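A short write-up of the structure that comes next.
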Amino acid sequence: MDMSEELSGNEYRQQRIENMQKLEEAGFPAFGKAFERTSNLAELNETFEVGRQVKICGRIVAMRKMGKMAFAHISDGSDKFQLMVKKDLIGEENFAAFRLLDIGDIVGVEGEIFRTRTEENTVRVMEWTLLSKALLPLPEKFHGLQDVEMRYRQRALDLISNPESMEVFKKRTQVMREIRRFLDDRGFSEVETPMLQQIAGGAAAKPFKAHYNALNVDVFMRIAPELYLKRLIVGGMDRVYEMNRNFRNEGLDRTHNPEFTCLEIYQAFGDMRTMQELIQSMFVHLAETIFETVEFDWMDNTINLQTPWREVPYRDLIRERLGDDWFSKTLDEAKAKAEELEVHIEEGMDFREVTHEIYDKTIEGTLIQPTFITRLPAELVPLANRCADDPELVDVFELIIGGKEIAPAYSELNDPIEQRKRFEEQAAGDGSKIDEDFLSALEYGMPPTGGMGIGIDRLLMLLTGSDAIRDVILFPQLKPRG
RNA sequence: GGGCCGGUAGCUCAGUCGGUAGAGCAUUUGACUUUUAAUCAAAGGGUCCUGGGUUCGAGCCCCAGCCGGCUCACCA
């Protein structure tokens, strides 16, 4: 690696290499072997008991050296713990060697735990061993790593020096585990469907393209698993979900990453109502088991997940905000209103499109508390069943929380003839884009089915109070380094 | 893509009117057996994002570019 050359002039690194050599001469090899600890540091703090003998290990994150004794803090990602090293306990040579350690080094120690005068849990070190030498210095201890770009490029460094960042990703792990547990307990099966697809279906988005040499065909990274999950419903897997990556070849901003994690859930013999109950129960379950609250602060608002959540048909919401007579207005009147609200209207938009543009720009963002928008115009949602009492509307909801769309759910379209029609409209003459295998599956008969998609990254933003998707994705997409 | 803000020591940041580059942490040396953002004394450490320009003189002003953040637009 060129790194070593690049940094060979680095004074800090040079000093650490010298310290490493001195340590090795003193009988402390720089890169030790496996270390069997009695517990991690969080467990040790939880079960603290004065006088117990322990073996613990971690990275040195702070060091206070004095003439004949030294204090240090080690951290292992679960918590911190203080070490006390005294010359008269470990001997002159071991003490001198300990003083050669640098912040960032990983050590293992053995000794008895006690509390200092200031009531801090501490281990009185009797033995210590160097497990790994750090050649590069850690960021400043008090402020941590602030440089936004470096936090994403050097995530390891971010996790070491910013505990709040570590906390977010621990929460992410817990949330995903608890979602699986919740769904498994309800009889759902987690499945895996193709990431490499020859037709990228199930959503309207630009796909990433790749080439498969063995078959000499172009393939696409999936934009959604939907069409495969529905095949499984046809096949008799009654309750399935997949929580995994989707890829969309689109822009990059605070709420978009080109690869993102999506949970898709399908329940046979259910409908949009089934999903409505499911998501409310699931979110409250997550909130209570992981966060121990149903209230979340996010972007200057407090969001309360207490159920039941508000439900409002799309048209009622529009009337509520734009006036009872909205739907009897003319196109010109609607455009005038849009102008008044400073909503940009494209040439050639019809009444429905103008209405939806106003909704998108001025209404959705104001729905802070969880809200189900139901009975959407059919044109907006091509893959859903129509409402029984009004064929112009579809039986779906869009869940809005904090002014953002969190989850759409449908009473899924299961009429293969209608489905083919809509695919053909979508494909606009390009027959190669129509997933014939999926249509065949539908022709064998798909039961009425409730389906839902949840953007996991956005859910995590909400639950962890993060205002950027990059703060909840370990390795977000970045521009290549110039 | 447009607008605004930013890029200075390993890290976090100051830098006045254009006049020899600053602090804290970190590092090195010394003192120190209950410290905890340890303390005290001293020292070393800079491609001021890059390239041009104006000027006797540029971290600072001008132009172009690179990188990042916010925001608007686009995209869905």
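Only a predicted model underlies this, so the values are computations on that prediction, with no experimental measurement involved. Per chain, numbering begins at 1; letters A, B, ... match sequence-line order.
Between Met63(A) atom CE and U27(B) atom C1' there is a gap of 13 Å when expressed in whole angstrom units. Rounding to whole angstrom units, CZ of residue Phe142(A) and P of A26(B) are separated by 13 Å. Taking atom NZ of Lys479(A) as the reference point, atom P of C66(B) lies 8 Å away to the nearest angstrom. Between Leu89(A) atom CG and U34(B) atom P the separation is 13 Å, expressed in whole Å. Asp471(A) places its CG atom 11 Å from the P atom of G69(B), with the value rounded to the nearest Å. Between Leu100(A) atom CG and U27(B) atom P there is a gap of 12 Å when expressed in whole angstrom units. If you measure from atom CD1 of Ile103(A) to atom C1' of G10(B), you get 12 Å, rounded to the nearest angstrom. Counting to the nearest Å, the C1' atom of U35(B) and the CZ atom of Phe98(A) are 13 Å from each other.
If you check distances only, the side chain of Gln82(A) does reach the base of U35(B) with a donor-acceptor pair under 3.5 Å. For a distance-only test at 3.5 Å, the side chain of Thr122(A) fails to qualify as a donor-acceptor partner of the base of U34(B). With hydrogens and angles ignored, a donor-acceptor pair closer than 3.5 Å exists between the side chain of Arg64(A) and the base of U35(B).
Judged as a salt bridge (Lys or Arg N to Asp or Glu O under 4.0 Å), the pairs with a partner in residues 73-96 of chain A (not counting sequence neighbours) are, in order, Arg37(A)-Asp76(A). Here ring pair (Phe, Tyr, Trp, His ring centres under 6.0 Å) pairs that include residues 116-135 of chain A, with residues two or more places apart or in two chains, are Phe28(A)-Trp128(A), Phe98(A)-Trp128(A).
The ring pair (Phe, Tyr, Trp, His ring centres under 6.0 Å) search around Phe296(A) returns Phe291(A), not counting sequence neighbours. The salt bridge (charged side-chain N to carboxylate O under 4.0 Å, His left out) test applied to Lys404(A) returns no partner, not counting sequence neighbours. Partners of Asp457(A) according to the side-chain hydrogen bond (donor to acceptor under 3.5 Å, both in side chains) rule, which considers only residues two or more places apart in sequence or in another chain, are Arg172(A). Applying the ring pair (Phe, Tyr, Trp, His ring centres under 6.0 Å) criterion to Tyr241(A), with sequence neighbours excluded, gives no partner residue. Residues passing the ring pair (Phe, Tyr, Trp, His ring centres under 6.0 Å) test with Tyr228(A): none are found, sequence neighbours excluded. With sequence neighbours excluded, the residues that form a side-chain contact (heavy atoms from CB on, under 4.5 Å) with Gln15(A) are Glu11(A). Residues passing the ring pair (Phe, Tyr, Trp, His ring centres under 6.0 Å) test with Phe169(A), sequence neighbours excluded: none.
As judged by a 4.0 angstrom heavy-atom cut-off over every strand, Asp360(A) is placed among the base-contacting residues.
The side chain of Asp88(A) has U33(B) as its nearest neighbour among U33(B), U34(B), U28(B). Comparing atom distances between the His344(A) side chain and each of C11(B), U35(B), C74(B) picks out C74(B) as nearest. The nucleotide whose nearest atom lies closest to any side-chain atom of Lys86(A) is, among U35(B), U28(B), U33(B), U33(B). Considering only side-chain atoms of Phe71(A), the nucleotide from U33(B), U34(B), G68(B) that sits closest is U34(B).
Distances shown here put every side-chain N or O of Asn249(A) at or beyond 4.0 Å from the OP1 or OP2 atom of C75(B). For the OP1/OP2 pair of C75(B) and a distance below 4.0 Å, the side-chain nitrogens and oxygens of Lys206(A) include no atom meeting the criterion. A close approach under 4.0 Å does occur between a side-chain nitrogen or oxygen of Arg470(A) and OP1 or OP2 of G69(B). At the phosphate of U71(B), OP1 or OP2 sits under 4.0 Å from a side-chain N or O atom of Arg254(A).
Separation of the P atoms belonging to A37(B) and G1(B) is 47 Å when rounded to the nearest angstrom. Across A64(B) and U20(B), the matching C1' atoms stand 30 Å from one another, rounded to whole Å.
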In B/S/- notation (B base, S sugar-phosphate only, - none; protein heavy atoms under 4.0 Å), nucleotides 40-46 of chain B written 5' to 3' is ----BS-

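Nucleotides of RNA chain B nearest to Ala468(A) and Glu357(A) differ in position, and the one nearer the 5' end is that of Ala468(A).
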N/O contacts under 3.5 Å, protein versus nucleotides 12-15 of chain B?
residue: U12(B); atom: OP1; partner: Gln146(A); partner atom: N; Å: 3.1
residue: U12(B); atom: OP1; partner: Asp147(A); partner atom: N; Å: 2.9

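With a 3.5 Å ceiling on both atom-pair distances, the Watson-Crick or G-U wobble partner of C25(B) is G10(B). Using N1 to N3 plus N6-O4 or O6-N4 for Watson-Crick, or N1-O2 and O6-N3 for G-U wobble, each under 3.5 Å, C48(B) pairs with nothing. Applying the Watson-Crick and G-U wobble criteria (two distances, each under 3.5 Å), C70(B) pairs with G3(B).
Residues Thr193(A) and Arg231(A) bring no donor and acceptor atom of their side chains to less than 3.5 Å of each other. Neither side chain, Thr362(A) nor Arg321(A), offers a donor N or O lying under 3.5 Å from an acceptor on the other.
Summarising the local packing, CD of Glu167(A) is surrounded by more than 12 heavy atoms from other residues, nucleotides or ligands at distances under 6.0 Å.
With respect to the salt-bridge test (charged N to carboxylate O, under 4.0 angstrom), the residues Glu418(A) and Arg422(A) qualify. In summary, Glu112(A) and Arg124(A) engage in a salt bridge, as defined by a charged side-chain N under 4.0 Å from a carboxylate O.
Listed in residue order, the members of residues 37-62 of chain A having a heavy atom less than 4.0 Å from RNA chain B come to none.
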